[in-house]
Number of protein chains: 2
Amino acid sequence: MHDTVMKETGLRAAGCRNVSPVLNRIGDKWSVLIVMILAAGPRRFNELKREIDGISQRMLTLTLRGLERDGLVSRTVDPTVPPRVTYALTDLGVSLTGPVEALGSWAIEHIGCIRSAQDRFDAAHEAATRGQ
Amino acid sequence: MHDTVMKETGLRAAGCRNVSPVLNRIGDKWSVLIVMILAAGPRRFNELKREIDGISQRMLTLTLRGLERDGLVSRTVDPTVPPRVTYALTDLGVSLTGPVEALGSWAIEHIGCIRSAQDRFDAAHEAATRGQ
DNA sequence: CCGGATCCTATCTGATACTG
DNA sequence: CAGTATCAGATAGGATCCGG
């Protein structure tokens, strides 16, 4: 990002290409939740599964694989039997919690505003649709 | 939300219920991009369509409706013929740009780290899969 | 110019069953 | 315990045509 002059459009386009993959990850159904739980400390597979409640085994595996692939989460296998696999946030994963918490704060702060906007919109839309 | 004592788990669960809808919005394919473009000033429908390049008419309409429903974007119809419809960020929408830019900065800052992690992961995984 | 309606495909997700 | 494999349903997204 050391281009001396960069048009706003160029900056935005470049930003988007970089931001998109991150958004795809944090935008999925479980990633942020898992990152936030792991922010409180490492967990084993079934601890996560119990703690999340609603996630399928499959999605937990898939999401953890994705997070591991992106370098946000580390996976440590304890070669015992039965196996113990521990997941933890990497430094990169920890650094993500900041921005995500910022977004979370915004959401909590404005959720009332959003919900009332939705209600107003739905009411208006329902009124327009009533005649059909 | 007036429980006097709330366990960490409860707090997290409550936070999640509030954050999830927001994540669903900003996690989708186009919302953040549109918000960021509108942050630079109001646009008309086809201006957005041209500027985004790759979005289908359908998705632009759908995404704008969603943003409007959430109170992030305002839609103003100029009752001329042909009609002019102008989209702009609401105050709520403007307030979202802060956290989103924070996330964007994080993404830009760490994208190299992420990509190399992915390459390492893919290389390791490919090696493990080679023998099949 | 704006956008609704329809059709079709790709991807995501969950349920279930099976394995080291 | 910690996964993998497979199947079926839900959902997102694009292409296209039509209407105000």
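By convention in this document, chain letters (A, B, ...) are assigned in the order of the sequence lines, proteins followed by strands, and residues within each chain are numbered from 1. Side-chain atoms are counted along with the backbone in the values below, which use heavy atoms only and exclude waters and symmetry mates.
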Where along nucleotides 8-13 of chain C does protein come under 4.0 Å, by heavy atom, of base (B) or sugar-phosphate alone (S), with - for untouched nucleotides? -----B
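Atom CD1 in Ile55(A) sits roughly 7 Å away from atom P in dG14(C) (whole-Å rounding). Between the P atom of dG14(D) and the CD1 atom of Ile52(B) lies a distance of 11 Å, rounded to the nearest Å. A straight line from CG of Leu64(A) to P of dG3(D) spans 8 Å, rounded to a whole angstrom. Atom CG in Leu60(B) sits roughly 15 Å away from atom C1' in dA15(D) (whole-Å rounding). To the nearest angstrom, P of dC1(D) lies 11 Å from CD of Gln57(A).
The side-chain contact (heavy atoms from CB on, under 4.5 Å) check on Lys29(A) picks up nothing, with sequence neighbours excluded. For Arg44(A), there are no salt bridge (Lys or Arg N to Asp or Glu O under 4.0 Å) partners, not counting sequence neighbours. Taking the side-chain contact (heavy atoms from CB on, under 4.5 Å) definition, one finds that Asp78(B) meets it with Thr80(B), Arg84(B), sequence neighbours left out. Take Thr63(A) and apply the side-chain hydrogen bond (donor to acceptor under 3.5 Å, both in side chains) test, not counting sequence neighbours, and it matches no residue. When the side-chain contact (heavy atoms from CB on, under 4.5 Å) test is applied to Asn46(B), the partners found at least two apart in sequence or on another chain are Lys49(B), Arg50(B). Remark: Ser56(B) engages Arg58(B), Met59(B) in a side-chain contact (heavy atoms from CB on, under 4.5 Å) (not counting sequence neighbours).
Within the structure, salt bridge (Lys or Arg N to Asp or Glu O under 4.0 Å) pairs that include any residue of residues 107-122 of chain A comprise Asp122(A)-Arg69(B) (at least two apart or interchain). Applying the ring pair (Phe, Tyr, Trp, His ring centres under 6.0 Å) test to pairs two or more places apart or on separate chains, none has a residue in residues 35-81 of chain A.
Tyr87(A) has a side-chain polar atom (N or O) that falls below the 4.0 Å cut-off from OP1 or OP2 of dG3(D).
With a 4.5 Å cut-off on side-chain heavy atoms, Thr76(A) and Val85(A) do not count as touching. Counting heavy atoms from C-beta on, the side chains of Leu67(A) and Leu38(A) never come closer than 4.5 Å.
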Quiz: residues 87-99 of chain B side-chain donor-acceptor pairs under 3.5 angstrom, not counting sequence neighbours:
| from | atom 1 | to | atom 2 | distance (Å) |
| --- | --- | --- | --- | --- |
| Tyr87(B) | OH | Arg75(B) | NE | 3.3 |
| Thr90(B) | OG1 | Gly71(B) | O | 2.6 |
| Thr90(B) | OG1 | Leu72(B) | O | 3.1 |
| Thr90(B) | OG1 | Leu92(B) | N | 3.4 |
| Thr90(B) | OG1 | Gly93(B) | N | 3.1 |
| Ser95(B) | OG | Trp106(A) | NE1 | 2.9 |
| Ser95(B) | OG | Leu92(B) | O | 2.7 |
| Thr97(B) | OG1 | Val94(B) | O | 2.5 |

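Relative to the side chain of Arg65(B), the nucleotides dA2(D), dG3(C), dC1(C) differ in distance, and dG3(C) lies closest.
Near DNA chain D, meaning a heavy atom under 4.0 Å from it, residues 70-86 of chain B has Pro83(B) in order of number.
End-to-end axis angle of the helix from dC1(C)-dG20(D) to dG20(C)-dC1(D), from C1' rotation axes over five pairs per end: 40° (rounded to 10 degrees).
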